[in-house]
Amino acid sequence: MTSQEIRELFLKFFESKGHVVVPSAPMVIKNDPTLMFTNAGMNQFKEFFLGNAKPKQKRVVDTQKCLRVSGKHNDLEEVGRDTYHHTMFEMLGNWSFGDYFKREAITWAWELLTEVYKIPKENLYVTVFEGSPEEGVPFDQ
């Protein structure tokens, strides 16, 4: 399967679940002094997460071009040391702004991986966050 096919199937899958496809935001961010480059798929939705703006749609899906060369996510220092750190990549994202939560997200992720991408179930591993007593965060139910 090509990267183009993966991207198209992802967008179509979440569109079938009621998500509106939105375009990738520019990699060079304007009007936000806190970021120089888009380093995550959530950047263009920052104002929604902060409660400073209301989204027009409750569900959106996108494929976001990202660049990580400094700051918290400085993958530049890791490039070449392993096979999963890159400076530029595309992040696929499905977003719910108060419409659904873990149950639907997990169910749809499993459906996408096993029924759309046809990854054999025996090749997938499921994990659960065990919590952090020192941080006061409980086991994820």
Q | Atom pair CD (E90) and SG (C66), whose distance is rounded to the nearest 0.5 Å | A | 8.5 Å

Q.
Would a single hydrophobic cluster contain both M91 and L11, if residues Ile, Leu, Val, Met, Phe, Trp and Tyr are joined by side-chain heavy-atom contacts under 4.5 Å?
A. no

Q. What heavy-atom pair brings T107 and R103 nearest, and what distance separates the two atoms?
A. OG1-O, 2.8 Å

Q. How many angstroms lie between CZ in F10 and CG in N94, if you round to the nearest 0.5 Å?
A. 4.5 Å

**Q.** Single-linkage hydrophobic cluster, 4.5 Å side-chain cutoff, V28 and M88 together
**A.** yes

Q.
Check E111 with K17, please: is the shortest side-chain N to carboxylate O separation under 4.0 Å?
A. yes

Q: Measure from the side-chain N and O atoms of T114 to the backbone N and O of K121, and report whether any donor-acceptor pair falls under 3.5 Å.
A: no

(Q) Between T38 (side chain only) and P26 (backbone N and O only), is there a donor and an acceptor less than 3.5 Å apart? (A) yes

Q.
According to a hydrophobic-cluster definition based on side-chain heavy atoms being under 4.5 Å apart (Ile, Leu, Val, Met, Phe, Trp, Tyr only), do W110 and M1 belong together?
A. yes

Q. Going by the salt bridge (Lys or Arg N to Asp or Glu O under 4.0 Å) test, which pairs reach into residues 128-141, not counting sequence neighbours?
A. K102-D140

Q: Please identify each residue that fulfils salt bridge (Lys or Arg N to Asp or Glu O under 4.0 Å) with K46, with sequence neighbours left out.
A: D32

Q. Run the side-chain contact (heavy atoms from CB on, under 4.5 Å) check on Y117 and F13 step by step: do they pass?
A. CA-CA 10 Å; Y117 293 145; F13 176 80; over 6 Å; no

Q: Assert yes or no for the condition that the ring centre distance of H19 to Y100 is strictly below 6.0 Å.
A: yes

Q. Once you round to the nearest 0.5 Å, how far does CZ of F89 lie from OG of S3?
A. 15.0 Å

Q.
Return the CD to OG1 distance between Q4 and T63, rounded to the nearest 0.5 Å.
A. 9.0 Å

Q: Check the pair F14 / L92 against side-chain contact (heavy atoms from CB on, under 4.5 Å), numbers first and verdict last.
A: CA-CA 11 Å; F14 281 102; L92 304 176; over 6 Å; no

Q | Main-chain N/O of A25 paired to Q64 side chain as donor or acceptor, under 3.5 Å | A | yes

Q) What distance separates K12 NZ from E5 CD, expressed to the nearest 0.5 Å? A) 10.0 Å

Q.
When you measure from the side chain of E115 to the backbone of L112, do you find a donor-acceptor pair of N or O atoms at a distance under 3.5 Å?
A. no

(Q) Do V21 and I6 land in one hydrophobic cluster if side-chain heavy atoms of ILVMFWY residues count as linked below 4.5 Å? (A) yes

Q.
Let me check something: do F139 and F101 share a hydrophobic cluster, defined by ILVMFWY side-chain heavy atoms less than 4.5 Å apart, either directly or through other members?
A. no

Q | Nearest-0.5 Å distance, CG of residue L67 to CG of residue L35 | A | 11.5 Å

Q) Can you name the nearest heavy-atom pair linking V22 to D62, along with the distance? A) O-CB, 3.5 Å

Q. Going by the angle between their ring planes, with limits at 30° and 60°, are F45 and F48 parallel, tilted or perpendicular?
A. parallel

